[in-house]
Amino acid sequence: MFTKAQQQTLLPVPSGLLQAPRLPRSPEPPLNSNGVTSLICPVKFSLIVPTYNERDNIEKLVQQLSRVLDQVLPDDYELIVVDDDSRDRTWELASQLMASYPSLRVMRRQQEKGLSTAVIRGWQVAKGEVLGVIDGDLQHPPDIVPQLLGAIANGADLAVASRHVDGGGVSSWSLTRRILSRGAQILGLVLLPRVVSSVSDPMSGYFVVRRSAIAGQILHPLGYKILLEVLGRGEINQLAEVGYVFQEREAGRSKVTWKQYVDYLHHLLRLRLSTGRLGWLSQRLEFPIGRFLRFAAVGLSGLVVDMGLLYLLHGLFGLGLTRSAIAASELAILNNFLWNDRWTFQDVAKRQRGNRTVLKRLIKFNVVCLMGVILKVLLLNLLFNGLHINAYLANFLAIVVVTIWNFWLNLKLSWRVTEMQPSPKA
Ligand code: GDD
Ligand code: MN
């Protein structure tokens with residue numbers, strides 16, 4: 001049984017934006033709500049250990065990390081286990097270890113899940129001037145932590161444990177996993193060269209970063225690869241790498257599934273659009289370039305649906321051009337709504353769940369698009385009957401014009417209005 005007293009020894013789970021706060025600089029201790037001074041005693045180093053079902057590994061890991069860190073930073077570090085309410089009760093075992101390891105702190109998250117957010121929530125409560133992360137399954141050898149810290153002491157803002165520099169490697173990965181891992185890296189190089197080429201192992205989940213390089217920066221992690229966020233949004237002027245051999249898992253199971261690869265790709269695209277030159281432009285113009293490109297991509301999928309159906313109905317079944325075009329457009333609208341709701345405006349949609357709100361959005365979207373259809377039919381007739389342009393080319397041109405119209409209207413009406421609505425009460 002986990003008693004109430006034990007529960008109280010757990011760290012509070014922070015909420016709000018995902019970011020590592022700046023450490024208070026002034027020696028003046030802040031007052032908390034009870035008027036009691038709560039002294040924040042910074043430590044040199046906070047190391048986050050994200051865990052999910054790592055019961056068989058956590059004790060050995062804590063023991064090894066403490067041994068290593070007690071030598072280099074006695075009493076000046078903390079280990080923070082952030083567990084996502086593991087079924088095997090890793091959080092419980094970890095909290096029992098706190099008696100023997102005074103530097104150990106434990107957080108049990110029940111509302112939020114995911115490796116990357118776990119790491120940031122850990123940093124949010126961390127007291128260290130230097131922040132770090134290490135896997136909780138012993139696949140990351142603890143004995144290179146001092147080298148990572150040494151690199152920071154020598155001026156690096158970020159020190160990454162890498163499998164792809166001298167002294168690095170993987171123990172016995174299958175050819176498939178090697179290919180997948182390298183493939184993901186090459187994809188990253190193409191999509192996000194500035195970030196991905198700056199480090200030999202951008203997939204690493206084992207690194208140490210100076211708090212000041214990321215403090216106050218809102219992070220938007222997706223999936224597993226938190227290092228991408230740090231590289232993409234942090235202020236990293238000097239980077240160091242330390243080789244390590246990725247160990248075999250002795251206990252427990254990896255949580256990686258195909259979804260992590262999809263998330264990774266999505267994450268790369270998002271960083272690509274929100275950081276660097278594109279991000280700067282987007283901010284300057286106050287125009288959501290990323291969102292527009294997603295909207296346009298969805299529009300492209302709608303174009304395929306629309307053209308295909310027009311060919312089917314008009315070309316094959318001989319239905320009149322106008323009627324075929326209307327039917328094709330309506331199905332394309334439905335297609336576009338589904339993708340836009342799931343992807344383009346995912347953040348808005350997530351805050352407004354429930355069938356009724358989805359239906360409302362669908363109706364709004366549909367009205368905007370139906371006005372577009374009318375515009376399209378008018379244009380199509382003008383181009384086809386008036387200017388005698390080929391029916392398919394005319395349809396295509398009309399779609400281009402209407403897509404721009406749709407984006408403008410959805411941006412000004414449906415999207416803006418939805419975004420300003422308060423989130424529904426639970
Ligand atoms: N809190 C929390 N929540 N922890 C999680 C979650 C989650 O949803 N999912 C995984 N973890 C923890 C695991 O318990 C483990 O400690 C660590 O995160 C890594 O997860 P694994 O499932 O063991 O991943 P892996 O060994 O395949 O993954 C790693 O690939 C890289 C190399 O390509 C990454 O996680 C990197 O850290 C690693 O360097
Ligand atoms: Mn692992």
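Start at 1 and go down the list; that is how both ligands and their atoms are numbered. Because only heavy atoms are used, hydrogens play no part in the values below, and waters and symmetry mates are left out as well, while side chains stay in.
Checked for salt-bridge contact, R211 and E129 miss the test: no charged N lies under 4.0 Å from a carboxylate O. Taking a cutoff of 4.0 Å between a charged side-chain nitrogen and a carboxylate oxygen, R109 and D85 do not qualify as a salt bridge. Salt bridge annotation for K60-E250: present, with a cationic side-chain nitrogen under 4.0 angstrom from a carboxylate oxygen.
Ring centers of F246 and H140: under 6.0 Å apart, within the cut-off.
Of all atoms in ligand 1, numbered sequentially from 1 with element shown, those under 4.0 Å from a heavy atom of D137 are 16 (O), 23 (O), 26 (O). Which parts of ligand 1 touch Q139 is read off a 4.0 Å heavy-atom cut-off, strictly below it: atoms 23 (O), 26 (O). Ligand 1 places these atoms under 4.0 Å from at least one heavy atom of H140: 37 (O), 38 (C), 39 (O). Within the listing of ligand 1, atoms 1 (N), 2 (C), 4 (N), 14 (O) sit less than 4.0 angstrom from a heavy atom of T51. Numbered from 1 in the order shown, with element, the atoms of ligand 1 that lie under 4.0 Å from a heavy atom of E54 read 13 (C), 14 (O), 15 (C), 16 (O). Within ligand 1, counting atoms from 1 as listed, the ones closer than 4.0 Å to a heavy atom of S204 are 39 (O). In the vicinity of G136, heavy-atom distances shorter than 4.0 Å reach the ligand 1 atoms 15 (C), 16 (O). The M203 neighbourhood of ligand 1 comprises atoms 31 (C), 39 (O), with distances under 4.0 Å to a heavy atom of that residue.
Residue contacts with ligand 1, taken as heavy atom pairs separated by less than 4.0 Å, do not involve N53 at all. If you look at K225 next to ligand 1, the close heavy atoms, those under 4.0 Å, all belong to the side chain.
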Item to check | Evaluation steps, side-chain contact (heavy atoms from CB on, under 4.5 Å), between E235 and Q217 | outcome: CA-CA 9 Å; E235 241 180 80; Q217 188 62 246; over 6 Å; no
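Compare F207, Y224, Y52, Y244 by their heavy atoms: the one nearest to atom 28 (O) of ligand 1 is in Y224. For atom 32 (C) of ligand 1, the nearest non-hydrogen atom from the set K113, E248, R163 comes from R163. Comparing A118, P50, G114 against atom 8 (O) of ligand 1, the shortest heavy-atom distance belongs to G114.
Of the listed residues (Q19, M107, E112), just one forms a side-chain contact (heavy atoms from CB on, under 4.5 Å) with P14, and that residue is M107. Of the residues listed (L65, V82, D83), the one engaging V49 in a side-chain contact (heavy atoms from CB on, under 4.5 Å) is L65, and it is the only one.
Evaluation of the salt bridge (Lys or Arg N to Asp or Glu O under 4.0 Å) test over residues 144-154, restricted to residues two or more places apart or in two chains, returns none. Identified under the salt bridge (Lys or Arg N to Asp or Glu O under 4.0 Å) test for residues 137-149, with sequence neighbours left out: D137-R249.
Distances under 2.8 Å from the Mn ion (ligand 2) pick out the protein N/O/S atoms D137 OD2, Q139 OE1.
The shortest non-hydrogen separation linking P146 to V72 is CB-CG1, 4.0 Å.
By the side chain to side chain donor-acceptor pair (under 3.5 Å) test, S301 is found to be paired with N335, residues two or more places apart in sequence or in another chain being considered.
Using the six-membered ring where Trp is involved, F365 and F295 have ring planes that are perpendicular, over 60° apart on the 30 and 60° scheme.
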